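None of these values were measured; they are calculated from a predicted model. Any value given below was found using the heavy atoms of this structure, including those in side chains, with hydrogens, waters and symmetry copies removed.
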2 protein chains.
Amino acid sequence: MSRCVMEQRPKGPERREDALSRERIVAAAIEILDAEGERALTFRALANRLSTGSGAIYWHVPDKDALLSVATETVLSGAMAEIAGGSDPAAALRALALSVFDAIEAHPWVGTQLAREPWQPAMVEVFERSAAQFERLGVSRGSLFHCVSAYVHYLLGTAAQTAAAARHKFAASDRPAVLAAIVERWTRRDPAQYPFVHRLAEQVRTHDEREAFLAGLDLILAGAKPTR
Amino acid sequence: MSRCVMEQRPKGPERREDALSRERIVAAAIEILDAEGERALTFRALANRLSTGSGAIYWHVPDKDALLSVATETVLSGAMAEIAGGSDPAAALRALALSVFDAIEAHPWVGTQLAREPWQPAMVEVFERSAAQFERLGVSRGSLFHCVSAYVHYLLGTAAQTAAAARHKFAASDRPAVLAAIVERWTRRDPAQYPFVHRLAEQVRTHDEREAFLAGLDLILAGAKPTR
DNA sequence: GACATGCCTGGAACGATGTTCCAATGAATT
DNA sequence: AATTCATTGGAACATCGTTCCAGGCATGTC
């Protein structure tokens, strides 16, 4: 652990600046995940990027699950540090959800990880903050849990959806073509049997996900307001 | 060189009764998934259960993703065949969501698969049916997409959550202990900083997931009703 | 200065997995 | 009877997460 303290040396490329540390490993992992996708994060690729061996990484990180967990936590807590407070409860709930949404859109693998292991520390933070805002909104104690639960589930669902979309984006890297392919697969079904799918397909093709996310969120907030 | 196609089998004469088929393979896969969890489904275990080799399976199924996809589809379409229609729209939306929820609770791996690959054919079915009900509910065309989207996202979030809970249940196979462990991890945080988490922790410990799911769903339905 | 200690490193090795390849089988057709 | 070809079973391959271990390099002790 004394190895991590760098102020001991005033300056110097002479000392190996590539000293391994948990943070450097996590940072490298995030870089790989962002640049090449989830499948590209292997301990070999990670060791290669850090110019070391797999064993060295295992000294700082217990296993791959923990690595992904810490990476997720790093991104999410960073995102949540920036949200503004003080406004009215509904706006705060929107801001909180949006910060998570934006983080997932910027780092889709966070969505995958969140869907797989929902109770990360950052998610507990979301739980706590949203509960406070729902209470300020006037939700009774009895239904507070249900409101927060719906809020979090909606967030998780969006996370999964966004991550899945990004996965397909990686496979065939231009977005309109992918959307068109999905719509085509939908519309291949008999239009008579699936009228709504056909009608909504056009909307899917042109829809703004961020706006749709907010609209869906407002649905929940509208339902919560009556303090039922 | 041979690839899996869904083509016709030569009609009249039947093969050995233990002949491999896509359905038999999928059925065996579902059995393994239900009995031993997602991690236990390997092509070797599958081949072993079917008393054959991995290569024989690959003749009927392109790869593991497709196998999981078909298994998910099998369970979901089976679940959706049983829902009753004809009642009022809100009740129909609850019934539809509940059938998916129950299927996921009975086969948690379906939740994992749904979070990873949301647009299974059965999910398009959910999309279609729920859109029809939302329209009967009086939702305007403009907000129909947002309502359905919120509905589906909530469903996906619940799927991920339920699947994750089941995964932990597998690890330490008695449920109260797992819940207690989660709550303990929550409450280890400073109570002063996380008052709501502490208050809600008790509710988590005793809550009925099915009821909570329905309550959250009603939140969305309540928000949708004003035809905003 | 020489030695011992313990954190840290690098890479070889292990077991398991998804997938491919191919020789063998046997029913259907000629 | 010969041939064809869908189907089978399992060996082989590449890759993954993980473990193991033989060293380095800094520090503390004589």
Side-chain angles (χ1 to χ4, degrees), chain A residues 1-9 12 14-26 28-29 32-33 36-71 109 112-113 116-117 171, chain B residues 1-26 28-29 32-33 36-71 109 112-113 116-117:
Chain A
M1 79 168 29
S2 54
R3 183 63 85 100
C4 303
V5 198
M6 309 193 93
E7 33 277 303
Q8 175 179 349
R9 302 262 175 185
E14 51 138 347
R15 177 59 66 197
R16 307 179 12 158
E17 75 204 34
D18 64 326
L20 233 40
S21 73
R22 194 185 174 96
E23 295 110 34
R24 268 180 50 78
I25 293 174
V26 171
I32 292 179
L33 286 166
E36 306 172 54
E38 309 163 27
R39 278 201 49 193
L41 179 65
T42 65
F43 272 82
R44 282 171 177 82
L46 198 52
N48 188 27
R49 172 175 284 244
L50 292 169
S51 303
T52 179
S54 352
I57 299 178
Y58 273 93
W59 177 259
H60 298 271
V61 172
D63 56 16
K64 193 177 183 182
D65 280 345
L67 176 60
L68 280 171
S69 214
V70 176
W109 49 272
T112 306
Q113 188 59 18
R116 178 174 297 280
E117 213 68 44
Chain B
M1 81 165 151
S2 10
R3 275 200 43 206
C4 163
V5 274
M6 303 173 64
E7 96 292 14
Q8 73 301 344
R9 174 183 300 283
K11 48 160 190 158
E14 286 148 29
R15 294 205 152 267
R16 313 193 323 241
E17 110 180 26
D18 67 324
L20 233 40
S21 74
R22 198 184 171 97
E23 296 99 36
R24 265 178 52 79
I25 292 174
V26 171
I32 292 179
L33 286 165
E36 306 172 54
E38 308 164 27
R39 276 202 47 192
L41 180 65
T42 66
F43 273 82
R44 283 171 176 80
L46 197 52
N48 188 26
R49 172 176 287 244
L50 292 168
S51 304
T52 179
S54 352
I57 299 178
Y58 272 93
W59 203 91
H60 297 271
V61 172
D63 56 17
K64 193 177 183 182
D65 280 345
L67 176 60
L68 280 170
S69 213
V70 176
W109 49 271
T112 305
Q113 187 60 17
R116 177 174 298 278
E117 213 68 44

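- When heavy atoms are screened at a 4.0 angstrom cut-off, B/Leu41 is found touching the sugar-phosphate backbone but no base atom.
- Across all their heavy atoms, B/Leu50 and B/Ala28 have their closest contact at CD2-CB, 3.9 Å.
- Heavy-atom contacts from other residues, nucleotides or ligands closer than 6.0 Å to CZ of A/Arg22 number 12 or fewer.
- With C/dT9, D/dG17, C/dT19 as the candidates, the nucleotide lying closest to the side chain of B/Phe43 is C/dT19.
- At C/dC7, none of the side-chain N or O atoms of A/His60 fall inside 4.0 Å of OP1 or OP2 (strictly under the cut-off).
- Rounded to a whole Å, the CZ atom of A/Arg22 is 16 Å from the C1' atom of C/dC8.
- In this structure, A/Asn48 places its CG atom 13 Å from P of C/dA12, rounding to the nearest Å.
- Between the C1' atom of D/dG10 and the CG atom of B/Leu50 lies a distance of 15 Å, rounded to the nearest Å.
- In this structure, of C/dG10, C/dT20, D/dT8, it is C/dT20 that holds the atom nearest to the side chain of B/Tyr58.
- The two residues B/Asp63 and B/Tyr58 make their nearest non-hydrogen contact at CA-CE2, 4.1 Å.
- Among D/dT8, C/dG18, C/dT9, the nucleotide with an atom closest to any side-chain atom of A/Thr52 is C/dT9.
- Scored by the side-chain hydrogen bond (donor to acceptor under 3.5 Å, both in side chains) test, B/Ser54 finds no partners at all (sequence neighbours excluded).
- Counting to the nearest Å, the C1' atom of D/dG17 and the CZ atom of A/Arg39 are 15 Å from each other.
- Atom-to-atom, CG of B/Leu20 to C1' of D/dT7 comes out at 9 Å; the value is rounded to the nearest Å.
- Of the candidate nucleotides D/dT19, C/dT19, D/dC16, D/dC16 has the atom lying nearest to any side-chain atom of A/Lys64.
- Between the CG atom of A/Asp63 and the C1' atom of C/dA16 there is a distance of 16 Å, rounded to whole Å.
- Nucleotide C/dG10 holds its C1' atom 14 Å from the CG atom of A/Leu46, rounded to whole Å.
- Residue A/Arg44 contributes atom CZ, which lies 13 Å from atom P of D/dT19 at whole-angstrom precision.
- Side-chain contact of B/Ser69 with B/Glu117: a donor-acceptor pair under 3.5 Å is absent, judged by distance alone.
- B/Ser51 comes within contact range of the sugar-phosphate backbone alone, with a heavy-atom separation under 4.0 Å but no base atom that close.
- Not one side-chain nitrogen or oxygen of B/Trp59 sits closer than 4.0 Å to the OP1 or OP2 atom of D/dT7.
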